[in-house]
**Student:** 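The structure that follows is given in the form of structure tokens.
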Amino acid sequence: MDQLVGQRSFEAYGPSHWAVLVLLTAVAGVLAWLGPRYGGTRTALAVGRILAVVLVIVHVPLLIYDLSPAGFDIQHSLPFHISDLTWMTAAYALWFRRQWAFALTYYWGLTLVPQAIITPTLAGPDFPSFDFISFWGRYVLVVWAVVYLTWWVGMRPNWGSFAFAATVTVGWGLLVLGFNAAAGTNYMFLNGKPDNPSLLDIMGEWPWYLGVALAIGLVAWALLTWPWTRHQDKGGDRAAA
């Protein structure tokens, strides 16, 4: 039985994928529900530190292996994808509670990371393989970190956060685009669409889908910012009047 389980390949929207989606949603909901009760307490601090440590424990060994001679592949091993950066900013924000780190984690974690969850690129054995757990761990933990930082710590995005995240993302994208062209790689899928089905498939051909994806992303980020700032905007309008 163990051998059969180890040989079974992951299938998008198969039983294991749905289990991950249910677990992700359920824990996120519980975190949001408990946030007002425990926010600002020692429990909140401990939960944040534990999440940060788990993120590091899950990702650092993988990063070390990918960069080692045994695991290095220039096509995949470098931490250039947004998902690679997001777990780093999430761990930093969880431990140090800095607004800039929260901003990047918030926007990347709620828009770019879900794309990987909805259209996973995992081509390997199903649960409970190491590949399965490591792949989903890097995404699920980031979403939980965003919920924790928002509902337990009380950190909020603003238009300054929006501008900062947009600038960093575009700047990083340009650097990676240049590296891809020089090294023949395709990090962030900036130089070509992924082989598996993705949302990029409905955005046109290269390079047009880059502009479409950027526009849609900025609109989504604006919508994720507006609910937290609209009361401030109303207060500013009343003060000006």
Side-chain angles (χ1 to χ4, degrees), residues 9-14 16-18 20-21 24-25 28 59 62-63 66 73-90 103-124 126 131-132 134-143 145-146 157 161-226:
S9 297
F10 170 79
E11 295 182 5
Y13 294 98
S16 61
H17 191 182
W18 280 112
V20 169
L21 295 176
L24 168 66
T25 304
H59 291 88
L62 294 173
L63 179 61
D66 285 342
D73 177 0
I74 195 171
Q75 298 292 332
H76 307 288
S77 296
L78 297 173
F80 287 173
H81 285 292
I82 289 295
S83 58
D84 299 317
L85 303 181
T86 306
W87 76 259
M88 299 178 190
T89 62
L104 295 177
T105 305
Y106 179 84
Y107 293 112
W108 290 346
L110 293 184
T111 55
L112 301 179
V113 167
Q115 291 183 44
I117 295 174
I118 296 171
T119 56
T121 59
L122 176 60
D126 206 345
D131 290 341
F132 179 93
S134 63
F135 177 86
W136 288 109
R138 72 184 66 183
Y139 299 122
V140 169
L141 290 170
V142 165
V143 175
V146 172
S161 301
F162 171 89
F164 173 75
T167 300
V168 170
T169 303
V170 172
W172 181 254
L174 291 174
L175 290 175
V176 174
L177 184 66
F179 179 86
N180 286 340
T185 54
N186 191 27
Y187 289 101
M188 293 178 63
F189 305 116
L190 294 175
N191 296 66
K193 297 179 183 179
D195 295 331
N196 62 295
S198 71
L199 296 177
L200 297 178
D201 293 334
I202 62 175
M203 297 182 187
E205 298 302 320
W206 188 91
W208 307 113
Y209 73 79
L210 298 179
V212 175
L214 177 61
I216 293 175
L218 291 177
V219 170
W221 288 6
L223 293 175
L224 287 170
T225 307
W226 176 74

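For the single chain, residues carry numbers from 1 onward in sequence order. These figures come from a predicted structure and were not determined experimentally.
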**Student:** Heavy atoms only: give me the nearest Gly109-Pro114 pair and the separation to one decimal.
**Tutor:** O-CD, 3.1 Å
**Student:** Could you tell me if the side chain of Met188 sits less than 4.5 Å from the side chain of Ile82, heavy atoms only?
**Tutor:** yes
**Student:** Kindly indicate whether the side chain of Leu224, heavy atoms from C-beta on, has any atom under 4.5 Å from the side chain of Pro157.
**Tutor:** no
**Student:** Atom NE2 in His76, atom CG in Asp66: separation rounded to 0.5 Å?
**Tutor:** 10.5 Å
**Student:** With Pro194 as reference, evaluate Asn186, Leu200, Thr119 under the side chain to side chain contact (heavy atoms under 4.5 Å, CB included) test and give the passing residue.
**Tutor:** Leu200
**Student:** So, the side chain of Tyr209 versus the backbone of Ile202: is there a donor-acceptor pair under 3.5 Å, distance only?
**Tutor:** no
**Student:** Give a yes or no on whether the backbone of Asp131 and the side-chain of Ser134 come within a donor-acceptor separation of less than 3.5 Å.
**Tutor:** yes
**Student:** Might you point out which heavy atoms bring Phe164 and Ala103 nearest each other, and give the distance in Å?
**Tutor:** CD2-CB, 4.5 Å
**Student:** Mind checking the NE2-OG1 spacing from His59 to Thr86? Nearest 0.5 Å is all I need.
**Tutor:** 9.0 Å
**Student:** Write down the atom of Thr185, the atom of Asn191, and the distance for their closest heavy-atom approach.
**Tutor:** O-CB, 4.2 Å
**Student:** To the nearest 0.5 angstrom, please state how far the CH2 atom of Trp221 sits from the CG atom of Leu218.
**Tutor:** 6.5 Å
**Student:** Supply the atom-to-atom distance Leu104 CG to Met88 CE, rounded to the nearest 0.5 angstrom.
**Tutor:** 12.5 Å
**Student:** Taking atom OG of Ser83 and atom CZ of Phe135, what is their separation to the nearest 0.5 Å?
**Tutor:** 8.5 Å
**Student:** For the pair Tyr139 and Trp136, name the ring-plane relationship: parallel under 30°, tilted 30 to 60°, perpendicular over 60°.
**Tutor:** perpendicular
**Student:** How long is the gap from CG on Leu85 to CH2 on Trp108, to the nearest 0.5 Å?
**Tutor:** 5.0 Å
**Student:** Does the side chain of Phe189 come within less than 4.5 Å of Ser198's, by heavy atoms?
**Tutor:** no
**Student:** I'd like to know if the side chain of Trp87 and the backbone of Asp84 have a donor-acceptor N/O pair within less than 3.5 Å.
**Tutor:** yes
**Student:** Over all heavy atoms of both residues, which pair between Thr105 and Thr89 is shortest? Give the atoms and the distance, please.
**Tutor:** OG1-OG1, 2.9 Å
**Student:** Do the side chain of His17 and the main chain of Ile118 share a donor and acceptor less than 3.5 angstrom apart?
**Tutor:** no
**Student:** Where the side chain of Thr169 meets the backbone of Ala166, is there a donor-acceptor pair that is under 3.5 Å apart?
**Tutor:** no
**Student:** In sequence, state the C-alpha distance, the side-chain angles, and the governing distance for Phe132 and Ser16, and then conclude on side-chain contact (heavy atoms from CB on, under 4.5 Å).
**Tutor:** CA-CA 9 Å; Phe132 179 93; Ser16 61; 3.6 Å; yes
**Student:** Walk me through whether Leu24 and Ile117 qualify under side-chain contact (heavy atoms from CB on, under 4.5 Å).
**Tutor:** CA-CA 10 Å; Leu24 168 66; Ile117 295 174; 3.8 Å; yes
**Student:** Relative to each other, are the rings of Tyr187 and Phe80 parallel, tilted or perpendicular (30° and 60° limits)?
**Tutor:** perpendicular
**Student:** May I ask you to decide if Gly184's main-chain N or O and Gln75's side chain share a donor-acceptor pair within less than 3.5 Å?
**Tutor:** yes
**Student:** Give the intermediate values and the outcome of side-chain hydrogen bond (donor to acceptor under 3.5 Å, both in side chains) for residues Tyr107 and Thr225.
**Tutor:** CA-CA 9 Å; Tyr107 293 112; Thr225 307; 2.6 Å; yes
**Student:** For the CG atom on Asp195, are there more than 12 heavy atoms of other groups (residues, nucleotides or ligands in this structure) within a distance under 6.0 Å?
**Tutor:** no
